[in-house]
Amino acid sequence: MSEKVVYLDNNATSQVAPEVVEAMMPFFGPLYGNPSSMHAFGGNVAKFLQKAREDVAAFLNASPEEIIFTGCATESDNAAIRGSAEFFGREMKIITTKVEHPAVLQPCRRLKREGFDVVELGVNGVGQIDLEELRKELSQNKKALVSAMWANNETGTVFPIAQIAEICREFGAVFHTDAVQAAGKIAIDVKKIPLDMLSISGHKFHAPKGIGILYVRRGTRLKPFMLGGHQESGRRAGTENVPYIVGFAKACELASESLAQGEAPRLAAMRDRLQAGLLAKCPDAIVNGDIENRLSNTLNISFKYIEGEAIAYHLSDLGICVSTGSACASGSLEPSHVIRAMGVPFTAVHGSVRFSLSRYNTDEDIDIALEKIPPVIKRLRDLSPFGPDSDPTTFS
Ligand SMILES: Cc1ncc(COP(=O)(O)O)c(C=O)c1O
């Protein structure tokens, strides 16, 4: 691998901010008390936990008691979906979308196997759901839970979350959104959008892995997912991970500052330069997702006739980190469920690659990517048995 790593995989995970590490350190040292302890030594730590809760609440314009700290966003998503389902029982209908992260899709599918009425809404060519279809599914006089992501992790497509929330409110449905990829990239204000629950993960915006939150609007009915002690007001058992919670709060503060300082347009400018450069230098490449409504940091390109895995593997050798949406399952390469749901032409489904930026990327990273990626694409194309003239049925 070459010396400099060009990290363009921030939707997978991001660098922990040095300020976050610094904020966490005392809690690995002298401030190791248990915030639930009776003594003042633990009680002192409880004050920092409360301050972190207030800071995270401020990030969302929520109230501190509406924040539940979790172990990750996968837990937050499971807690929201299963907690709701358990409260309302099989009478409740669950509506989600085909392009959700597995952390939402899998619990919904499990509930379907357990006898719940579960609907997965399809998406159009740019990854957007049809709001009329949502209305139709909701107009059955049944209590419903809707779980729809704020922004897609693979394509960056941003759902019209305010409109979805309004529709849910109109029909009395509970609305949960997986805001993992939106947090830190889009300002979130739960007073402006009538959503009921929202999941965020720390490691996608410069806090460590293994810390998340579930925002639960006051009055939302939910059974606790993790049972045990009385922590988080009885809503999530388990001794609080104070160092990571403090780090998460610091990451929220940094994200608010970055957003206020114009981080989103800066990232969008770099992303757009990467997009324009790759499209100009690599023939037969298409952009996946909703270009009009897309996260500022995300670019998903399908390079036709070649495999995304091969591209990612060769780029890794050159120190460039990217992702593909595919999953290696039982020896066969399953194309991304998101790209497939969008009906991307079969010649392009396998060749999708995601580039995702963060505040730590520089213009130099984009220069290196634009210099090194096109020759890799050309080399793989030269080796590929497929091309514009080959039998289309062999691609699907
Ligand atoms: C949209 C989305 N939801 C949920 C998750 C899961 O987050 P965590 O790694 O904190 O469990 C991810 C992580 O890839 C994600 O991108």
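Count residues from 1 along the sequence. Read the numbers this way: they start at 1 and go in the same order the structure lists the ligands and their atoms.
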Handout entry: Shared hydrophobic cluster, Leu295 / Leu259 (ILVMFWY, side-chain heavy atoms < 4.5 Å)
Key = no

Practice task
Indicate yes or no for a side-chain donor-acceptor contact from Thr324 to the backbone of Gly308 under 3.5 Å, with no hydrogens or angles considered.
Solution key: no

Practice task
Any atoms of ligand 1 less than 4.0 Å from a non-hydrogen atom of Ser201? List them with their elements.
Solution key: 8 (P), 10 (O)

Problem - Residue-ligand contact Glu100/ligand 1, heavy atom below 4.0 Å - result: no

Problem - Ionic contact status for Arg169 with Asp196, cut-off 4.0 Å - result: yes

Exercise for the section: Flag Asn11 as yes when one of its N or O atoms lies below 3.5 Å from any N or O atom of ligand 1, and as no otherwise. Expected result: no

Problem - Thr96 side chain vs Glu120 backbone, donor-acceptor pair below 3.5 Å - result: no

Exercise for the section: Distance to 0.1 Å, residue and atom name: give those for the protein heavy atom nearest to atom 7 (O) of ligand 1. Expected result: Ala73 CB, 3.4 Å

Exercise for the section: Write out the residue and atom name of the closest protein heavy atom to atom 4 (C) of ligand 1, then the distance separating them to 0.1 Å. Expected result: Asp178 OD2, 3.3 Å

Practice task
Could you tell me whether the side chain of Ser63 and the main chain of Glu65 form a donor-acceptor pair under 3.5 Å?
Solution key: no

Exercise for the section: Please confirm whether the backbone N or O of Leu254 pairs with a side-chain atom of Ser258, one donor and one acceptor, at under 3.5 Å? Expected result: yes

Problem - Closest approach of any protein heavy atom to atom 15 (C) of ligand 1, naming residue and atom - result: His101 CD2, 3.2 Å

Practice task
Describe, in one word, how the ring planes of Phe59 and Phe205 are oriented to each other, choosing from parallel (under 30°), tilted (30 to 60°) and perpendicular (over 60°).
Solution key: parallel

Practice task
Examine the proximity of ligand 1 to Asn153 and report which part, side chain or backbone, both or neither, has a heavy atom under 4.0 Å away.
Solution key: side chain

Fill in the blank from the handout: Checking heavy atoms under 4.0 Å, the part of Gln181 that sits near ligand 1 is side chain

Practice task
Report yes or no: do Asn361 and Asn297 form a side-chain donor-acceptor pair below 3.5 Å?
Solution key: no

Problem - Ala12 N/O under 3.5 Å from ligand 1 N/O - result: no

Fill in the blank from the handout: Restricting to heavy atoms, the pick from Thr74, Thr70, Thr13 nearest atom 6 (C) of ligand 1 would be Thr74

Exercise for the section: Provide, to 0.1 Å, the distance between atom 14 (O) of ligand 1 and the closest protein heavy atom, together with that atom's residue and name. Expected result: Lys204 NZ, 2.6 Å

Completion exercise
So for Lys209 against ligand 1, with non-hydrogen atoms under 4.0 Å, the contacting part is neither

Fill in the blank from the handout: Per-atom filter on ligand 1: closer than 4.0 angstrom to a heavy atom of His203 are 8 (P), 9 (O), 10 (O)

Practice task
For Ile311 and Gly351, work out which heavy atoms get closest and say how close.
Solution key: CD1-O, 4.3 Å

